[in-house]
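Every chain is numbered from 1 and lettered A, B, ... according to where its sequence line falls, protein lines coming before strand lines. All values below were derived from every heavy atom in this structure, side-chain atoms included, with hydrogens, water molecules and symmetry-related copies excluded.
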Amino acid sequence: MLPKAYEPQEVEKKLAEKWQNAKLFAAKADKTKKPFVIVIPPPNITGALHMGHALNDTLQDVLIRSHRMFGEEAFWVPGTDHGGIATQNVIEKKLAKEEHKSRHDLGREQFVETVWEWYNECGNAIFNQFRKMGWSLDLADIRFTMDEKRAKAVYECFRQWWEKKYIYRGKRLINWCVRCSTALSDIEVEHEQHAGKLWHLRYKGEDGSDGIVIATTRPETIYADAAIAVNPKDERYKNMVGKKVIIPLANRAIPIIADEAVELEFGTGALKITPAHDATDYEVGQRHNLPAVSVINDKGKMINCPEKYLGMDRDLCRKETVKDLDAAGLLVKEEKYNNAVSTCYRCHNVIEPFMSEQWFVKMDELAKPAIAAAESGELQFHPESWKTPFVNWLKNLQDWCISRQIWWGHRIPVWYCRHCSEKGLTFATDKQGNKQLTKVSFEDGAKPIVSFNKPEKCPVCGGHDLVQDPDVLDTWFSSSLWPLSVFGWPEQTEDLKYFYPTSTLVTGYEILYLWVARMVMSGLAFTGKLPFKDVFLNGIVRDKTGAKMSKSKGNVIDPLDMTAKYGTDAVRFSLLMQAVPGKDIPYAEESITGARNFCNKIYNASRFILMNMEGINGPLAMPENLTELADKWIVDRYTNAVKTAREGVEKYNLAQTANALYHFLWGDFCDWYVELAKQRFQTDEKETVMALCVNILYGTLKALHPLIPFVTEEIAASLRPYVGVKEEFLLEQPYPQFNPSWCDKESVRKMEIIQGVTKEIRTIRSQFNVPPGLKISAVLTAKNEEELADLKEFAGYIKLMAKIENLTITANADKPKQTATAVFENITVYVPLTGLIDFEKERKRLEKDLAVAKANIASREARLSQESFIKNAPAQQVQKTKDELAAAKLALAQVTASLEDLN
RNA sequence: GGGCAGUUGGCGCAGCGGUAGCGCGUCCGCCUCACACGCGGAAGGUCACAGGUUCAAAUCCUGUACUGCCCACCA
């Protein structure tokens with residue numbers, strides 16, 4: 001005997017292994033089939049998977065499994081991402097914690113070696129989690145953004161873009177993370193509201209006058225001031241433009257200039273211009289030819305400033321400067337001010353705008369075709385509302401800073417001859433005593449040689465002393481090539497030809513620009529084809545109050561804990577039930593229990609059907625030419641549920657798919673069909689009934705399999721002998737087909753009446769506390785002959801479901817005494833309850849029904865009395881209203897009579 | 001400052017032209033021979049507000065108010 005409740009743990013372990021061993025998820029270029037391809041957003045090798053992955057990858061798995069069952073060659077391309085700064089940070093922290101070492105203690109080579117070791121460890125952990133979640137990724141065919149093939153793709157991209165002059169070297173103000181000690185691109189910077197202060201400072205006139213008062217949030221940068229700017233329209237300062245003022249504490253004179261960028265309303269209307277430490281100021285500086293002097297270095301320490309502050313940390317210097325300004329009487333005002341501060345998206349430290357020479361990609365040419373593809377609709381977004389932000393972002397694109405001053409990543413494939421580039425190269429000795437190239441300056445004469453491997457010799461002087469650029473590429477550089485590189489591009493492989501372009505990209509909207517936009521640009525640039533035509537953006541899994549999950553808030557739900565507790569299928573299904581495209585999902589442990597209960601319901605329904613299979617030899621074909629109402633009805637419900645489910649998959653609304661199947665299986669199949677079927681188990685109809693049960697259940701399991709693969713596979717295995725299926729796995733079988741000939745509106749209508757009447761009787765039973773075991777009698781009356789005939793025919797259903805012993809069905813019945821009354825549409829239900837009825841309760845019930853009936857009559861009559869309604873509304877609608885009016889009138893009459901009877 | 005979502009029973013959501021559904025929770029009754037992770041029943045909503053379009057609006061349009069998100073160089 002099977003256990004009473006479904007126990008997922010062992011089933012999942014067993015099946016996960018079976019699937020992988022059977023190579024069930026592998027795909028190959030099969031020209032007879034249509035490919036359906038998704039490249040996984042490769043998770044960073046930074047640790048365990050979180051709820052966001054659980055959602056994102058489950059959605060992909062449902063699509064992949066479904067399309068495989070639709071008969072397509074479905075390929076979900078697995079892999080992981082090296083994760084650049086994020087991974088380097090993780091390893092640095094680990095080193096510090098476990099060995100009290102910094103990366104500099106190890107040296108570059110050793111450090112990179114350590115990260116590779118970590119990759120082997122962490123990568124495997126991630127693949128195990130893939131397996132555990134039942135995601136249909138072929139784990140024997142894994143890719144990594146830093147493996148050899150992907151490195152070749154990165155180089156090829158760099159080479160081509162260098163030749164096209166898209167890639168260039170430039171010195172400008174970039175975003176510098178002092179903690180990660182690297183440059184960042186504009187989109188790797190986040191804006192946070194910080195409670196800060198606005199200081200009003202006096203800059204005295206060179207001529208000894210009072211000068212001008214400016215407002216700043218960054219007083220420590222006054223030493224880098226190049227000018228004071230005012231708006232040319234500002235009457236207050238009109239006659240001061242051109243004069244000079246003295247930088248406080250630094251005693252250096254700077255001019256007052258006029259520039260449109262200055263807001264009249266903000267602060268004092270006078271703005272200090274610090275080109276080397278602020279993006280706006282940088283632009284103003286360019287316009288007015290101002291020098292950009294840095295006073296903060298790459299470590300966040302003060303330089304080029306009065307001696308007192310030299311070497312001081314930028315934060316401390318701010319405090320000291322304010323204190324000294326105050327002492328000098330130059331601090332006019334200090335007010336609280338919330339300003340948007342740029343922070344690093346990896347470590348959340350404050351970003352320092354920093355003058356530096358970096359590698360960039362020119363974006364305008366690359367963006368154009370991407371904009372066109374989105375605008376023309378060739379590239380589709382689900383939900384579509386992301387199209388506009390996508391296009392707008394591309395239209396306002398700044399050049400992409402791709403160089404990072406970290407060690408973990410694709411090394412920039414550029415070399416320098418120490419002889420020819422001498423002046424442009426700066427070396428330093430590392431802790432291991434090795435001379436390392438630390439800085440490259442094209443301005444000072446570094447001459448690049450683009451090459452994947454170290455060149456034999458310098459093409460100019462023939463020298464052999466060549467060194468590689470110390471920087472690595474932005475991690476998103478390799479990610480942007482992912483849909484190409486996974487198939488071996490730039491090699492023209494069979495896989496590339498067959499599987500590219502891919503079908504759909506599934507990802508969170510938070511990396512729409514960081515990743516999706518760049519893949520679109522790269523894909524178009526190198527193949528002329530979009531890397532995918534559908535972009536399916538899923539929401540973010542939040543806590544139940546709608547807050548983002550984060551470790552610091554302590555509201556994180558670990559998917560692995562949850563799968564251990566409730567089973568993988570339950571976790572998957574709970575997410576899918578809420579997976580409306582683009583919507584965030586509020587999530588809590590409670591969200592899972594319902595899904596867990598559903599898995600258990602499936603299991604028990606199946607167990608029950610199997611229990612009743614004794615004496616029946618399969619396989620049982622799906623019966624045809626059904627005559628029994630319940631059979632015709634369930635077949636209609638089934639085929640429609642399957643249709644709705646498939647439509648959900650096709651339009652990326654997996655909540656629709658999950659809900660359709662959930663309600664069909666639980667509501668229609670278990671609550672009504674199986675309950676009604678029970679009485680036929682002992683009759684000669686048993687085989688027909690069991691054939692229907694088993695085939696419909698099996699079909700439903702197939703439709704559910706993409707969502708909850710484990711429990712469905714487990715049950716299907718037991719059911720298989722009865723349905724005559726050879727394949728070992730559900731994934732190898734076709735998705736259940738919508739069968740229009742099974743649709744039967746008439747049967748659905750009849751069942752609705754039976755269900756309605758049954759519910760009325762059940763309500764009465766419950767209302768008057770009729771003991772569950774007590775059989776009672778009931779009288780049904782209907783005026784309509786057809787309905788009367790139907791009721792008589794299906795009296796058995798009502799008797800069974802409502803537990804009625806004597807059911808009288810008649811055209812006219814006198815209301816018996818001590819009877820409860822209910823009306824369902826045109827049918828009046830009398831339930832004699834001698835000794836059980838509570839007249840007060842019954843009066844209240846009837847009065848309520850009376851009110852409803854009156855309201856219904858009033859509204860229908862009002863509508864029908866409007867000529868415009870009769871004239872303009874479809875005839876069907878008018879008829880419907882008339883029918884409703886008739887039913888309401890009948891209800892009114894019956895209820896009134898019953899009420900009078902009570903008196 | 002710009003853009004985009006959302007506002008539906010206690011909570012979380014679906015519905016998106018024909019007068020409201022689901023899950024959880026609540027209350028009542030049931031260990032009915034598949035399932036108490038279950039069965040039956042009940043209570044609970046003028047679908048944020050104001051206009052408009054339509055025979056008909058939770059559903060379409062306009063505006064308002066909150067809430068959230070994304071983007072942006074007011075220091």
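Atoms CD1 (A:Ile764) and P (B:rG40) sit 17 Å apart, rounded to a whole Å. Atom CD in A:Glu260 sits about 19 Å away from atom P in B:rA75, given to the nearest Å.
Atom CD of A:Gln682 sits in a sparse spot, with 12 or fewer heavy atoms from other residues, nucleotides or ligands closer than 6.0 Å. In this structure, A:Lys544 places its NZ atom where only 12 or fewer heavy-atom neighbours from other residues, nucleotides or ligands lie under 6.0 Å away.
Of the P atoms belonging to B:rC70 and B:rA56, the separation is 42 Å, rounded to the nearest Å. Distance check on atom P: B:rC39 versus B:rC31 gives 16 Å, rounded to whole Å. Straight-line distance between the C1' atoms of B:rU7 and B:rA14: roughly 15 Å, to the nearest whole Å. On the C1' atoms, B:rG6 is 14 Å away from B:rC47, given to the nearest whole Å. Between B:rG3 and B:rG45, the two P atoms lie 38 Å apart (nearest whole Å). Taking atom C1' in both B:rC22 and B:rG1, the straight-line distance is 41 Å, to the nearest Å. When the P atom is used for both B:rA48 and B:rC11, the distance is 14 Å, rounded to whole Å. Atom P of B:rG2 sits at a distance of 16 Å from the matching atom of B:rA72, rounded to the whole Å.
One N or O donor and one acceptor, one from the side chain of A:Lys601 and one from the base of B:rC35, sit under 3.5 Å apart.
Within residues 219-228 of chain A, no residue has a heavy atom under 4.0 Å from RNA chain B.
A salt bridge links A:Arg843 with A:Glu840: the distance from a Lys NZ or Arg NE/NH1/NH2 to an Asp or Glu carboxylate oxygen falls below 4.0 Å.
Comparing A:Lys678 and A:Pro389 along RNA chain B, the residue whose closest nucleotide (by nearest heavy atom) sits nearer the 5' end is A:Pro389. Summary of the strand contacts: A:Tyr337 and A:Asn612 both lie near RNA chain B, and taking for each the nucleotide with the nearest heavy atom, the more 5' one is attributed to A:Asn612.
Below 30°, between 30° and 60°, or above 60°: for A:Tyr662 and A:Trp666 the angle between ring planes is between 30° and 60°, a tilted geometry. Aromatic ring pairs are classed by plane angle as parallel below 30°, tilted from 30° to 60° and perpendicular above 60°; the pair A:Tyr513 and A:Trp393 is parallel.
Results of the ring-ring contact (aromatic ring centres under 6.0 Å, His included) test with A:Trp386 over A:Phe536, A:Tyr509, A:Phe381 single out A:Tyr509 as the only residue that passes.
Between A:Phe869 and A:Val878, some side-chain heavy-atom pair lies under the 4.5 Å cut-off.
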